[in-house]
Amino acid sequence: MVEETLFSKIVNKEIPADILYQDDEVTAFRDINPQAPTHVLIIPNRIIPTVNDVSNADAAVLGRLFIVARRLAEEEGIAEDGYRLLVNCGRHGNQEVFHLHMHLLGGRPLGPMLSRPR
Ligand code: 5GP
């Protein structure tokens with residue numbers, strides 16, 4: 001049986017998403033619950049559950065996430081003002097979907113990187 005995640009269903013067009021970019025390795029689509037005027041998720045098409053699972057074999061695709069992020073930042077008109085790239089990992093990182101993804105956030109000042117510990 002082929003392993004699936006919510007995001008691999010988006011890659012395979014089994015569930016709808018606002019896809020901004022797709023190639024053989026990478027897919028980028030708008031977050032369903034945006035935290036900023038631009039909030040895009042950039043993912044490897046192949047499932048890597050978390051950053052804890054990355055290996056040397058993933059180096060090329062992980063590099064592609066940055067290339068696609070840079071291109072989309074330009075297309076979204078946020079490159080000059082700047083933006084944030086974010087990857088959550090595991091429980092303390094508040095990761096919700098276990099298919100590694102890079103958040104591209106921008107379009108307003110984003111404030112400090114972390115909220116105060118509660
Ligand atoms: P995480 O917390 O795992 O880093 O981020 C998961 C992100 O996926 C969240 O920002 C959430 O809004 C987004 N998300 C969850 N379900 C869906 C969905 O079905 N479609 C899209 N486009 N985004 C989703």
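The chain is numbered in sequence order, starting from 1. Whatever order the structure lists them in is the order used to number ligands and atoms, beginning at 1.
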Identify the protein heavy atom lying closest to [atom], giving its residue, its atom name and the separation to 0.1 Å.
| atom | answer |
| --- | --- |
| atom 1 (P) of ligand 1 | H101 NE2, 3.1 Å |
| atom 19 (O) of ligand 1 | L6 CD2, 3.8 Å |
| atom 24 (C) of ligand 1 | I32 CG2, 3.5 Å |

Next on the checklist: Is there a polar contact between ligand 1 and V97, counting only N or O atoms under 3.5 Å apart?
Outcome noted: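 Yes, there is a polar N/O contact under 3.5 Å.
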For the residue pair [X] and [Y], establish whether any side-chain heavy-atom pair is separated by less than 4.5 Å.
| X | Y | value |
| --- | --- | --- |
| L6 | I15 | yes |
| E4 | N12 | yes |
| E75 | L20 | no |

Short question: side chain of D81, backbone of P109 - any donor-acceptor pair under 3.5 Å?
->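 Here the side-chain-to-backbone pair does not exist.
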At under 4.0 Å between heavy atoms, which part of [X] makes contact with ligand 1: side chain, backbone, both or neither?
| X | value |
| --- | --- |
| L86 | neither |
| N88 | side chain |
| F7 | side chain |
| D18 | neither |

**Option passing side-chain contact (heavy atoms from CB on, under 4.5 Å) with Q35 (candidates N33, T38, D31)** =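 Per the side-chain contact (heavy atoms from CB on, under 4.5 Å) rule, the option paired with Q35 is N33, out of N33, T38, D31.
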Q. So which of D31, N33, I43 gets nearest to atom 11 (C) of ligand 1, if we judge by its closest heavy atom?
A.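 Checking each option, the heavy atom nearest atom 11 (C) of ligand 1 is found in D31.
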Just to be sure I'm reading this right: ignoring hydrogens, which of R30, Q35, H103, Q95 gets closest to atom 4 (O) of ligand 1? Compare them by their nearest heavy atoms.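 Ranked by closest heavy atom to atom 4 (O) of ligand 1, first place is H103.
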*asked:* Could you check, using the six-membered ring where one of them is a Trp, whether H101 and H99 have ring centers closer than 6.0 angstrom?
replied: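 Centroid distance H101-H99: not below 6.0 Å, so no.
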Problem - Closest contact, heavy atoms only, F29 versus I19 - result: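 So the minimum-distance heavy-atom pair works out to CB-CA, 3.9 Å.
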Please say whether more than 12 non-hydrogen atoms of neighbouring residues, nucleotides or ligands are located less than 6.0 Å from CD in E14.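 Count over threshold, so yes.
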For N94, the ligand 1 atoms whose distance to one of its heavy atoms is below 4.0 Å: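 What qualifies from ligand 1 is 2 (O).
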